[in-house]
**Q** 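First the structure, then my questions, so here it is.
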Protein chains: 2
Amino acid sequence: MAETDALDPEQLGVYFALKEVVSLLQHGVEQQLRAGGDLSYVQFQLLVRLVDAEGQLTMTDLADGVVYSRSGLTYQAGLLEKAGLITRSTCPDDERATRVTVTDAGRARLAEVLPGHIQVVRRLLFAPLAQNDLNALSDIMNRVRDHMRSRPPRSAAPRKQRGDTAR
Amino acid sequence: MAETDALDPEQLGVYFALKEVVSLLQHGVEQQLRAGGDLSYVQFQLLVRLVDAEGQLTMTDLADGVVYSRSGLTYQAGLLEKAGLITRSTCPDDERATRVTVTDAGRARLAEVLPGHIQVVRRLLFAPLAQNDLNALSDIMNRVRDHMRSRPPRSAAPRKQRGDTAR
DNA sequence: TATTGTTATACTCTATAACTATA
DNA sequence: TATAGTTATAGAGTATAACAATA
């Protein structure tokens, strides 16, 4: 099957269903995070990463997988710092780098939103799934994620496409 | 299992993997649509809907499932109209409504981006999946989507959460 | 020279509320 | 009164490029 063939109807259906599901999930989750803890989803992710890492990460570590530009991270980190949820300081090992630390307030804030967050995810996503669905979904998503990560992320956009130059 | 219990590790893993996969997919797709056809993903979706509907839909029809506010749709439709890809006119049946029509240029633009779009989706999402994965994923996503649609969409955010008032 | 991170800036998108017009 | 849609406006987020500082 050539790479340029059209998606068959089942693939198309899966693609659209996946997009719709995640869009609705994302919307629900963002509402909850904003209402329950005044956090954007990106800020939430950054806090999760920091707590998982038991404290300290560099800006570059932190950016990986969360944000697609360095300045975007600086912006979000600036908001988190202003809110007192993280601290930034020059890294002693490498003075170019910035060491980011969660504060106690940051941990507290995360603890505050997490139950509601989980509740939304459970209600929207997991409620209609059985254990074997979970296993299958887990297997599939991990496989796809590994596949995506193994590709050069920035070349996801095809270089030259029929029509690219026609504008 | 109570609704407020923590997500077990497998659920958490599935949730994060799903989010990452769709985030990477979304990013790849948006880059391609912008580079290959100067369209945002929302605009792409609107064109797809209009073509699927064989021409004409009302603004409200069009909004459903694509956008979370009416003004957001007006904005995007305004861009599409300015680009000559759609037309808006008062609906004869109900003079409050606006009838939206794809132009030939709109169809052409969609035809222009679609191959590249499909290529990106295939490469990122479907490449590592076998037929039985597709079946499983299709079944699961359709089930979840039906479940989400059956809930009152705007109450996805819990009303009052521990900590809601502590800010 | 390459890398880390920030800043300035411009732009896109979204949401709320107020508004018009029709049913 | 309720519904369809637009407008005004303000805010959140993102990306690019230029920049400073360290490796």
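Protein chains get the first letters and strands the later ones, always in sequence-line order, with residue 1 at the start of each. Computed from a prediction, not measured in an experiment: that's the story for all the values here.
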**Q** Is there a donor-acceptor contact under 3.5 Å linking the side chains of B:Ser69 and B:Tyr75?
**A**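 Judged by distance alone, the side chains do not pair up.
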**Q** Of the options C:dT12, D:dT6, D:dA12, whose atoms approach the side-chain atoms of B:Tyr75 most closely?
**A**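 Output: C:dT12.
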**Q** Would you say B:Arg34 places a side-chain N or O within less than 4.0 Å of OP1 or OP2 belonging to C:dC13?
**A**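 For B:Arg34, the contact criterion (side-chain N or O under 4.0 Å from OP1 or OP2 of C:dC13) is met.
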**Q** How many whole angstroms separate atom CD of A:Glu81 from atom P of C:dT6?
**A**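 So the CD-P distance, A:Glu81 to C:dT6, works out to 9 Å.
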**Q** Report the distance from atom CG of B:Leu39 to atom P of C:dC13, rounded to the nearest whole Å.
**A**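 From B:Leu39 CG to C:dC13 P: 10 Å.
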**Q** According to the interplanar angle, ranging from 0 to 90°, do the rings of A:Phe44 and A:His117 count as parallel (below 30°), tilted (30 to 60°) or perpendicular (above 60°)?
**A**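 Tilted.
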**Q** Relative to the 5' end of DNA chain D, which residue comes earlier, A:Gln43 or A:Pro92, by the nucleotide with the nearest heavy atom?
**A**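 Result of the comparison: A:Gln43.
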**Q** Figure out the CG/C1' separation between B:Asp94 and D:dA2, and round it to whole Å.
**A**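 Nearest whole value for this atom pair: 12 Å.
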**Q** Among all residues two or more places apart in sequence or in another chain, which pass the side chain to side chain contact (heavy atoms under 4.5 Å, CB included) test with A:Arg34?
**A**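 By the side chain to side chain contact (heavy atoms under 4.5 Å, CB included) rule, A:Arg34 matches A:Asp38, A:Ser40.
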**Q** About how many Å separate CD of B:Gln32 and CD of B:Gln119, when rounded to the nearest 0.5 Å?
**A**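 One gets 8.5 Å once the value is rounded to the nearest 0.5 Å.
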**Q** Whole-Å distance between C:dG5 P and A:Asp64 CG?
**A**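 After rounding, the reported distance stands at 12 Å.
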**Q** Please write out each protein N/O paired with an N/O of nucleotides 17-21 of chain D under 3.5 Å, distance rounded to 0.1 Å.
**A**
none

**Q** When you measure from the side chain of B:Arg143 to the backbone N and O of A:Leu129, does any donor-acceptor pair fall under 3.5 Å?
**A**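 Here the side-chain-to-backbone pair does not exist.
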**Q** Out of D:dG5, D:dG13, C:dG5, which nucleotide sits closest to the side chain of B:Thr74?
**A**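 Looking only at heavy atoms from C-beta outward on B:Thr74, the closest nucleotide is D:dG5.
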**Q** Give a yes or no on this: more than 12 heavy atoms of other residues, nucleotides or ligands lie within 6.0 Å of atom CG of A:Asp104.
**A**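 At most 12 heavy atoms, drawn from other residues, nucleotides or ligands, come within 6.0 Å of this atom.
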**Q** Counting only side-chain heavy atoms from C-beta out, which of C:dT6, D:dT22, C:dA15 sits nearest to B:Ser69?
**A**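 Selected nucleotide: C:dA15.
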**Q** Test of understanding: with side chain to side chain contact (heavy atoms under 4.5 Å, CB included), list the residues that count as partners of B:Ala63, not counting sequence neighbours.
**A**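 If we apply the side chain to side chain contact (heavy atoms under 4.5 Å, CB included) test to B:Ala63, skipping adjacent residues, the hits are B:Leu73.
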**Q** Does B:Asn132 CG have over 12 foreign heavy atoms under 6.0 Å away?
**A**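 Yes, enclosed.
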**Q** How would you label the contact of A:Arg88 with the nucleic acid (heavy atoms, under 4.0 Å): base, sugar-phosphate, or nothing?
**A**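 Answer is sugar-phosphate: A:Arg88 comes under 4.0 Å of backbone atoms only.
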**Q** Expressed as a whole number of angstroms, how long is the span from A:Met59:CE to C:dG5:P?
**A**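 The answer, rounded to whole Å, is 7 Å.
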**Q** Using atom CG of A:Leu80 as one end and atom C1' of D:dG13 as the other, report the distance to the nearest whole Å.
**A**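 Roughly 14 Å, once rounded to whole Å.
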**Q** Regarding B:Leu62, tell me which of base, sugar-phosphate or nothing describes its non-hydrogen contacts under 4.0 Å with the strands shown.
**A**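 Contact class for B:Leu62: none.
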**Q** Could you check how far CG of A:Leu46 sits from C1' of C:dG5, rounded to whole Å?
**A**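 Rounding to the nearest Å, CG of A:Leu46 and C1' of C:dG5 are 15 Å apart.
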**Q** From the set C:dG5, D:dA4, C:dA23, return the single nucleotide nearest to any side-chain atom of A:Thr98.
**A**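 Output: C:dG5.
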**Q** If you check the A:Gln76 side chain, which of C:dT4, D:dG13, C:dT6 turns out closest?
**A**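 Selected nucleotide: D:dG13.
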**Q** Is any side-chain nitrogen or oxygen of A:Thr58 closer than 4.0 Å to OP1 or OP2 of C:dG5?
**A**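 Affirmative; the distance criterion is met.
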**Q** When the distance from CG of B:Asp93 to P of C:dA23 is rounded to whole Å, what number comes out?
**A**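 About 10 Å, once rounded to whole Å.
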